[in-house]
A.B. asks: 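This is the structure, below, for whatever I ask next.
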Amino acid sequence: MARMALPMRVEAGAGPFSARLRLRPFGPITLIDVSGSAQRLIRDQAQIDAGARGVCFISTMTRHSGWLEANGARRGGETGKVTYVSGDTPFTLEFEADFAFISAMIPAEDIEALTPRYALAHGGEIAPPAGPAVAALLTAIKAQDGSAALENRLYTHFLGMAAASIDAALEPLAASRAERDRLLLGRIKADLASRLADPVRADGAALAARFNITRRKLQRLFQSEDTTLTAWVTEQRLIRCARDLRDPRYGSRSVTDIASSWGFADMGHVSRAFRKRFGVSPTVWRRQAAQETSPAA
């Protein structure tokens, strides 16, 4: 069952066995709707080595409850609770009765761009008050059927909320000012990520005010990673444009439409920035991707 999404080993519980897995692309992520009878889903090192690396899962139960075993701990999951796991680290899901849950399979690079220490949160819970809000948004995304631009906007809000909550969970581990600054920068990036699809420039003064820091402090936080606020936002938008241009689902969308769905308003700027970042124009980038995936003649 689970091999359609990522390799996992299934151990059936007592009684008749049933399982259902439905996958739905949503913007740059995949929504996974899973239900079944009592069972254990195991992702050990053998399953990790089998493939599907570089993804993370943010999940919530939609029927009954279950258990998550990760990082040497066992955590209960129920409706309204949100858990987070890295697909590159072993974990086990255990269900003692009929169950259902929904999970967002997210590119690890999207989380890592916001909170580089995300792996430390493996097996953790996104605690209230953020957890129920993330669960509600995840459930709403499942029911959403709209344009690519709307999907991108909803995804960036979801990603920003989830990343900020993961950083909050890591805050007690910050023992030095440098570590606290890294977590602060992660929360700022999460705030920015939730607005990547909005066609507005990043406002440094407003951003600094939201986090109760000076503009100089904001500049120093980004300088610590050899970038600037504007450069970081542009980079994240370009990465998402590049991914969409290579996605066959969006083959009928114009380059302008894809760029505007990620907050770009000036196509001349997009073309120059894209060529500088990836070495080719957006049109050539898309053509190369199509050639790479076309069957050999």
Side-chain angles (χ1 to χ4, degrees), residues 1-44 47-48 52 55-71 73-108 110-111 118 121-145 151 154-155 157-159 161-163 165-166 169:
M1 174 194 73
R3 292 185 182 182
M4 293 176 62
L6 81 164
M8 295 187 77
R9 179 162 50 88
V10 180
E11 292 182 355
F17 176 79
S18 67
R20 186 173 77 166
L21 174 69
R22 291 184 295 180
L23 306 179
R24 181 194 166 198
F26 189 92
I29 67 175
T30 300
L31 297 179
I32 308 172
D33 196 354
V34 184
S35 60
S37 58
Q39 59 190 273
R40 298 178 80 226
L41 303 177
I42 302 165
R43 184 159 172 81
D44 54 22
Q47 309 302 319
I48 293 170
V55 292
C56 306
F57 297 86
I58 296 175
S59 311
T60 187
M61 300 295 302
T62 55
R63 188 172 75 244
H64 296 161
S65 60
W67 295 94
L68 167 64
E69 298 176 8
N71 269 350
R74 181 175 167 90
R75 183 183 300 276
E78 58 191 44
T79 303
K81 280 189 174 182
V82 179
T83 56
Y84 163 85
V85 294
S86 166
D88 293 345
T89 307
F91 65 90
T92 297
L93 302 174
E94 182 176 353
F95 307 99
E96 298 171 345
D98 290 353
F99 71 93
F101 71 88
I102 183 171
S103 182
M105 185 166 68
I106 300 172
D110 286 4
I111 291 283
Y118 74 96
H122 172 70
E125 176 188 350
I126 297 180
V134 172
L137 184 54
L138 180 56
T139 303
I141 287 174
K142 172 189 171 184
Q144 183 60 240
D145 187 13
E151 289 186 356
L154 284 173
Y155 169 60
H157 281 292
F158 173 76
L159 178 66
M161 287 175 62
S165 302
I166 289 171

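Worth knowing before you read on, the calculation uses all heavy atoms, side chains too, and leaves out hydrogens, waters and symmetry mates. Everything numeric here is computed off the predicted structure, so don't read it as measured data.
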A.B. asks: Could you tell me whether a side-chain N or O of S37 sits under 3.5 Å from a main-chain N or O of S18, the two making a donor and an acceptor?
C.D. replies: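 Yes, because the side chain of S37 sits within donor-acceptor range (under 3.5 Å) of the backbone of S18.
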A.B. asks: Can you name the side-chain hydrogen bond (donor to acceptor under 3.5 Å, both in side chains) partners of T92, sequence neighbours left out?
C.D. replies: none
A.B. asks: Among all residues two or more places apart in sequence or in another chain, which pass the side-chain hydrogen bond (donor to acceptor under 3.5 Å, both in side chains) test with Y84?
C.D. replies: none
A.B. asks: Holding to side-chain contact (heavy atoms from CB on, under 4.5 Å), I want the full list of residues that pass it with A140, two or more places apart in sequence or in another chain.
C.D. replies: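 A140 satisfies side-chain contact (heavy atoms from CB on, under 4.5 Å) with no residue once adjacent residues are dropped.
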A.B. asks: Mind checking what makes ring-ring contact (aromatic ring centres under 6.0 Å, His included) contact with F91, not counting sequence neighbours?
C.D. replies: none
A.B. asks: How far does CZ of R24 sit from CD1 of I102, to the nearest 0.5 angstrom?
C.D. replies: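 If I round to the nearest 0.5 Å, the distance is 9.0 Å.
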A.B. asks: Any salt bridge (Lys or Arg N to Asp or Glu O under 4.0 Å) pairs touching residues 97-106, not counting sequence neighbours?
C.D. replies: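 Applying salt bridge (Lys or Arg N to Asp or Glu O under 4.0 Å) to every pair that reaches into residues 97-106, excluding sequence neighbours, yields nothing.
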A.B. asks: Would you compute the distance between atom CZ of F57 and atom CD1 of I106 and round it to the nearest 0.5 angstrom?
C.D. replies: 9.5 Å
A.B. asks: Test of understanding: with salt bridge (charged side-chain N to carboxylate O under 4.0 Å, His left out), list the residues that count as partners of R74, not counting sequence neighbours.
C.D. replies: E69, E94, E96
A.B. asks: Would you give the length of the straight line joining atom NE2 of H64 to atom OG1 of T79, rounded to the nearest 0.5 angstrom?
C.D. replies: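 H64 atom NE2 to T79 atom OG1 measures 8.5 Å (nearest 0.5 Å).
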A.B. asks: Partners of F95 by ring-ring contact (aromatic ring centres under 6.0 Å, His included), sequence neighbours excluded?
C.D. replies: F99, F101
A.B. asks: What is the minimum heavy-atom distance between Q39 and A19, and which atoms define it?
C.D. replies: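 Looking at all heavy atoms of both residues, the shortest contact is NE2-CB, 4.2 Å.
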A.B. asks: Considering only heavy atoms from C-beta outward, does the side chain of I141 approach that of L31 to under 4.5 Å?
C.D. replies: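 Side-chain contact under 4.5 Å: yes.
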A.B. asks: Could you state the interatomic distance from CG (D44) to CE (M8), rounded to the nearest 0.5 Å?
C.D. replies: 9.0 Å
A.B. asks: In chain order, what residues pass the side-chain contact (heavy atoms from CB on, under 4.5 Å) check against A133, with sequence neighbours excluded?
C.D. replies: M161
A.B. asks: Does a side-chain heavy-atom distance below 4.5 Å link I126 with T83?
C.D. replies: no
A.B. asks: Applying salt bridge (Lys or Arg N to Asp or Glu O under 4.0 Å) as the test, list every pair that has at least one member in residues 121-141; sequence neighbours left out.
C.D. replies: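 For residues 121-141: R75-E125.
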A.B. asks: So, the side chain of T62 versus the backbone of A100: is there a donor-acceptor pair under 3.5 Å, distance only?
C.D. replies: yes
A.B. asks: Might you point out which heavy atoms bring M61 and G66 nearest each other, and give the distance in Å?
C.D. replies: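 Closest pair (atom of M61, atom of G66, distance): CE-N, 4.1 Å.
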A.B. asks: Going from NE2 on H122 to CG on D88, what distance comes out if it is rounded to the nearest 0.5 angstrom?
C.D. replies: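 If we round to the nearest 0.5 Å, H122:NE2 and D88:CG are 9.5 Å apart.
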A.B. asks: Starting at OG of S59, measure out to CG of L68 and round the result to the nearest 0.5 Å.
C.D. replies: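 Answer for the OG-CG pair, S59 versus L68, is 8.5 Å.
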A.B. asks: Under the side-chain hydrogen bond (donor to acceptor under 3.5 Å, both in side chains) test, which residues partner S165, sequence neighbours left out?
C.D. replies: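 Listed in chain order: nothing, the list is empty.
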A.B. asks: Looking at every non-hydrogen atom in both residues, tell me the closest pair between L138 and A104 and how far apart they are.
C.D. replies: CD1-CB, 3.9 Å
A.B. asks: What is the minimum heavy-atom distance between I48 and G87, and which atoms define it?
C.D. replies: CG1-O, 3.8 Å
A.B. asks: Applying salt bridge (charged side-chain N to carboxylate O under 4.0 Å, His left out), name anything that partners E11, two or more places apart in sequence or on another chain.
C.D. replies: R9, R40
A.B. asks: Are the side chain of R43 and the backbone of P7 linked by a donor-acceptor contact shorter than 3.5 Å?
C.D. replies: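 Here the side-chain-to-backbone pair exists.
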A.B. asks: Work out which heavy atom in A135 is nearest to a heavy atom in T60; give both atom names and the distance.
C.D. replies: CB-OG1, 3.8 Å
A.B. asks: Any non-hydrogen side-chain atom of L154 less than 4.5 Å from a side-chain atom of H157?
C.D. replies: no
A.B. asks: Not counting sequence neighbours, which residues clear side-chain contact (heavy atoms from CB on, under 4.5 Å) with P107? List them please.
C.D. replies: I29, E109, D110, Y155, R243
